[in-house]
Amino acid sequence: MSERYNAKEIEAKWQASWEAEGAYQPDPESEQPKYYVLEMFPYPSGKIHMGHVRNYTMGDVVARYKRARGYNVLHPMGWDAFGLPAENAAMERGVHPGEWTYSNIATMRRQLKSMGLSLDWEREIATCHPGYYVHQQRMFLDFLEAGLAYRKESWVNWDPVDNTVLANEQVIEGRGWRSGAVVEKRLLSQWFFRITEYAEELLQALDGLERWPDKVRLMQSNWIGRSTGARLFFPLIGGEDGGVGAEIVGENDGPEAAKPLEVYTTRPDTLFGASFCALSPNHPLSAELAVENPAIAAFAEQCNLLGTGEEAVEKAEKIGIDTGLRARHPFIEGRELPVYVANFVLMDYGTGAIFGCPAHDQRDLDFARKYELPVIPVVCPADSNAADFEIANLAYTDDGKLINSDFLDGLGIEEATETVIKRLQAAGLGEATINYRLRDWGISRQRYWGCPIPVVHCSDCGVVPAARDDLPVRLPDDVSFDAPGNPLDSHVAWRDVPCPACGAPARRDTDTMDTFVDSSWYYARFCSPRADEPVTAEDVNAWLPVDQYIGGVEHAVLHLLYSRFFMRAMKRCGYVTIDEPFAGLFTQGMVCHETYQDGDDKWLYPEEVKGDDKGGMVTVASGESVHVGRSVSMSKSKRNVVDPEEIIDSYGADTARLFMLSDSPPERDLEWSDTGIKGAWRYLGTLWRMVSEFTDSDSGENVAPGAPAADAAVPGENVQRAIHQAVAGVTQDLEKFHFNRAVARIRQLTNELSDFRSNKAFNTEVYLEGLKIILRLLTPMTPHICTELWQRLEPQQSLFAMPWPEAEARYLQEDSVILPVQVNGKKRATIELPSNHDKAAAESAALADEGVQRAIAGKAVRKVIVVPGKIVNVVI
RNA sequence: GCCCGCGUGGCGGAACUGGUAUACGCGACGGACUUAAAAUCCGUUGGCCUAACGGCCAUGGGAGUUCAAGUCUCCCCGCGGGCACCA
């Protein structure tokens, strides 16, 4: 009797063997072309989840496939190890963030190893290790020297109870997630990377990223948000209540109210329809006015209180407050526009001030109706009459001809835009501008568990970079999380240092870097993970760019855009010679599962529920009926999770890997199902049995291993064709990331072989070839079982050393083809013809067919369309 | 609101450049093995009509282009994602 498939045993055996051989380290001496496969490295949160299993399985298929195709493959793994959860664990459980992180890494490394991934673990890096972040600090200083890092004031979410800055996701409905206190906005001095300097280039270069999904390129393009328009100046006149500035002056210093107001617009053509100006509550002029005017101060404060979440309540309402100032229209003598502070004007976009043209912008219209401001249409649609064109409650934003606009009357929007900009320029009142939505990247975080920013603040010298010889600026280990706020702030011994420039007492910057900085260059560090400098030219030139990057679409914008910026910044500082870090990108879908809730709406784990005899769901514990919710991405909070470790324990890594690749296209979400994983398990069992039966001499088929009888009673030409078609098909599928189709094809070939085998007089040589091809095609997906079975079939040959199989052209061609015959577009019959038939032969064969004749029913044939090898269509 | 993407059996999904719709898997049903169950194996399985041959209808809905449409065009409906007072 053959032994049963014991996944656990063979997986442990082969994993140990691969590790001992160092099978997955790239060969430095190799003459082969390089291929760098990378999956987004995980945050060490505790245990791996199904999303990781899916992501890393896909990457492993690519890595193993490319290796078989003769590439020298680099496939490393590391840890995105800084971040907030480690600090939360410290506060909740009193465990040090470093200890917590490294213990999670140990667990997850063990779990990943149990998946049998072809990773080069020698290159493992953790971003929280000083050996990693010392280089990041060096590059920070380089960026500082190159003018790519700078300091400015910026707003943060401030939790007044915990005395800490909150990330956006920690603000829930305007309140701190932990304290529940109403979150305030505070202005802090912070570090920024000048990503906007590359806005145009980052946008333009998207076109060259041909192996990126269009979706991601589009999202980045929208994020950069290029718009063209004009900046223009409105001279200001003081309000009736006096206060600020009397007459305008065109000076650039002095009080804001004395300067002309600078606004940005994408519609300079609508200038004659302007009926008000509006400032952001955070505009310098607003702040200045607020000093004298408590109402403005209160309004601005109210706007600032309105955190990101709570605006849902007041969403629709556009509100503002009249400043009393008036702005002079640049072209209309005597027209004065009221200047408001308005909640819908953003300080971070354009100039933080606008002119409102209610007729052609919905927000402006809503605002104008509320405050009873004039609505002057200046663009008239082609099908309307200029004289009686009016705006009701819908702004008109489409094309048309200019009206009510003096020298612009009669022009189209485009010409009007050009004309008005020329006039503004001539008058020194404005100019054409390109504006970007993209903002500079704020990297300061008021946190402990991150890369320290290597500068010192000296009361005499200002901001002084840390001496390069003193790097790394290490995080102190002896920190306490008992007091609110950033532990680095209260760690006096660490914080207080002499100024590197003058030696006077000074303070370290106690902020740490955004963890996106860590992940913006780790792929480069993998090329020379232990080098004394951030990267070595030789290694990055050899390996970069990453040929295939794989990860979740949730990183479509920030991580991928920051990395693209970082590569350019590193280039400017002389580290690399390329711009784009990732030549190919694939974004995989999530792993989803149904959700379950009991009568009290409490979330239940899948193992806490079972089906009842009526087709519903009940709890295992009490039999209480369970509400089955829609299937959503697995998450701890909804408890709709399945632990990969348990799955690998009971079915083995190969089964888990196979299921991750079957059924669903990789870019779409995958629905987890117990029956699906069982199906994958069943298939591997079948494959195991087929090979075992073949090698067992007692199988009753009289087949000795290694010496199959050349019994040609059933020659199996069709099977050979099927084999080679499978090779061609699977190869094509893998090239295109169609893993689910590749799996389906291999299963189909397995079915055909099995049918062939059920014939008592099958050709064993062909059968053996089929089995071997299946193992070779399947080994990137399920490497353990394939290696084991291969060894049983071919003990002298190493499957690992086998090149990827090539399909032989002669088997891809059929001698004859079966052509469908349609009559008036409906299939009525099929005819068999030699594959090299000509049109005439197909036509006469089709017309001679009985079924076709019946369908024609004696009517006249008007036309016969023949696409040789494809179809015949008889038109009557 | 704007911008993308997707709608195919009971379910996940195949279908290359328009050319035999429903590959492969799951589930279901029937059978074999078993004292029985599990596991395994074999067979059937889009819907409707028919004893059968065969026919009709089906790719969210409606139109159009074409000898031929799941595939191309337009409109509508539904679902999902991204961005969001972006001037």
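So you know, we letter chains A, B, ... as the sequences are listed, proteins then strands, and number each from 1.
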Please state how far atom [atom1] in [X] lies from atom [atom2] in [N], giving the value in whole angstrom units.
X: A:Ile831; N: B:U20; atom1: CD1; atom2: P; answer: 14 Å
X: A:His360; N: B:A87; atom1: NE2; atom2: P; answer: 16 Å
X: A:Tyr340; N: B:C85; atom1: OH; atom2: C1'; answer: 18 Å
X: A:Lys318; N: B:A84; atom1: NZ; atom2: P; answer: 15 Å
X: A:Leu833; N: B:U20; atom1: CG; atom2: C1'; answer: 14 Å
X: A:Ile746; N: B:A23; atom1: CD1; atom2: P; answer: 19 Å
X: A:Gln732; N: B:A14; atom1: CD; atom2: C1'; answer: 14 Å
X: A:Arg745; N: B:A23; atom1: CZ; atom2: C1'; answer: 9 Å

What's the gap between [N] and [M] when it is taken at their [atom1] atoms, as a whole Å value?
N: B:G70; M: B:U17; atom1: P; value: 16 Å
N: B:U65; M: B:C72; atom1: C1'; value: 8 Å
N: B:A39; M: B:U73; atom1: P; value: 48 Å
N: B:C77; M: B:C56; atom1: C1'; value: 27 Å
N: B:U35; M: B:C42; atom1: C1'; value: 23 Å
N: B:A63; M: B:A69; atom1: P; value: 14 Å
N: B:C16; M: B:G60; atom1: P; value: 16 Å
N: B:A84; M: B:A68; atom1: P; value: 48 Å

Result for side-chain contact (heavy atoms from CB on, under 4.5 Å) between A:Leu232 and one of A:Val263, A:Leu261, A:Val420 points to A:Val263

Mutual orientation of the aromatic rings belonging to [X] and [Y] [parallel < 30°, tilted 30-60°, perpendicular > 60°]:
X: A:Tyr349; Y: A:Tyr264; result: perpendicular
X: A:Phe694; Y: A:Tyr767; result: tilted
X: A:Tyr371; Y: A:Phe367; result: tilted

Below 3.5 Å is the cut-off: list the nitrogen or oxygen pairs between protein and nucleotides 4-9 of chain B, distance only.
none

Can you confirm whether [X] sits close enough to [Y] that some side-chain heavy atom of one is under 4.5 Å from a side-chain heavy atom of the other?
X: A:Glu554; Y: A:Ser633; value: no
X: A:Val823; Y: A:Arg854; value: no
X: A:Phe739; Y: A:Leu658; value: no

Considering every strand and a 4.0 Å limit on heavy-atom distances, what is the contact class for [X]: base, sugar-phosphate, or nothing?
X: A:Arg828; answer: sugar-phosphate
X: A:Ser662; answer: nothing
X: A:Ser673; answer: nothing
X: A:Arg747; answer: sugar-phosphate
X: A:Gly350; answer: nothing
X: A:Val345; answer: base

>> Check this for me, if you would: do A:Arg363 and A:Asp366 make a salt bridge, where the nitrogen-to-carboxylate-oxygen distance has to be below 4.0 angstrom?
In response: no

Quick one: is [N] close enough that its OP1 or OP2 comes under 4.0 Å of any side-chain N or O from [X]?
X: A:Arg437; N: B:C2; value: no
X: A:Asn740; N: B:A14; value: yes
X: A:Tyr349; N: B:A87; value: yes
X: A:Arg439; N: B:C86; value: no

Between A:Phe659 and A:Trp672, is the ring centre distance below 6.0 Å?
yes

Please report the C-alpha distance between A:Asp733 and A:Arg745 in whole Å, then the side-chain angles of each, then the deciding distance to 0.1 Å, and finally whether the salt bridge (Lys or Arg N to Asp or Glu O under 4.0 Å) criterion is met. CA-CA 9 Å; A:Asp733 289 338; A:Arg745 259 189 239 273; 2.8 Å; yes

Distances under 3.5 Å between protein N/O atoms and the N/O atoms of nucleotides 64-71 of chain B, please, pair by pair.
from: B:C67; atom 1: O2'; to: A:Asn873; atom 2: ND2; distance (Å): 3.1
from: B:C67; atom 1: O2; to: A:Asn873; atom 2: ND2; distance (Å): 2.7

Taking for A:Asn222 and for A:Ser227 the nucleotide of RNA chain B with the nearest heavy atom, the one nearer the 5' end belongs to A:Asn222

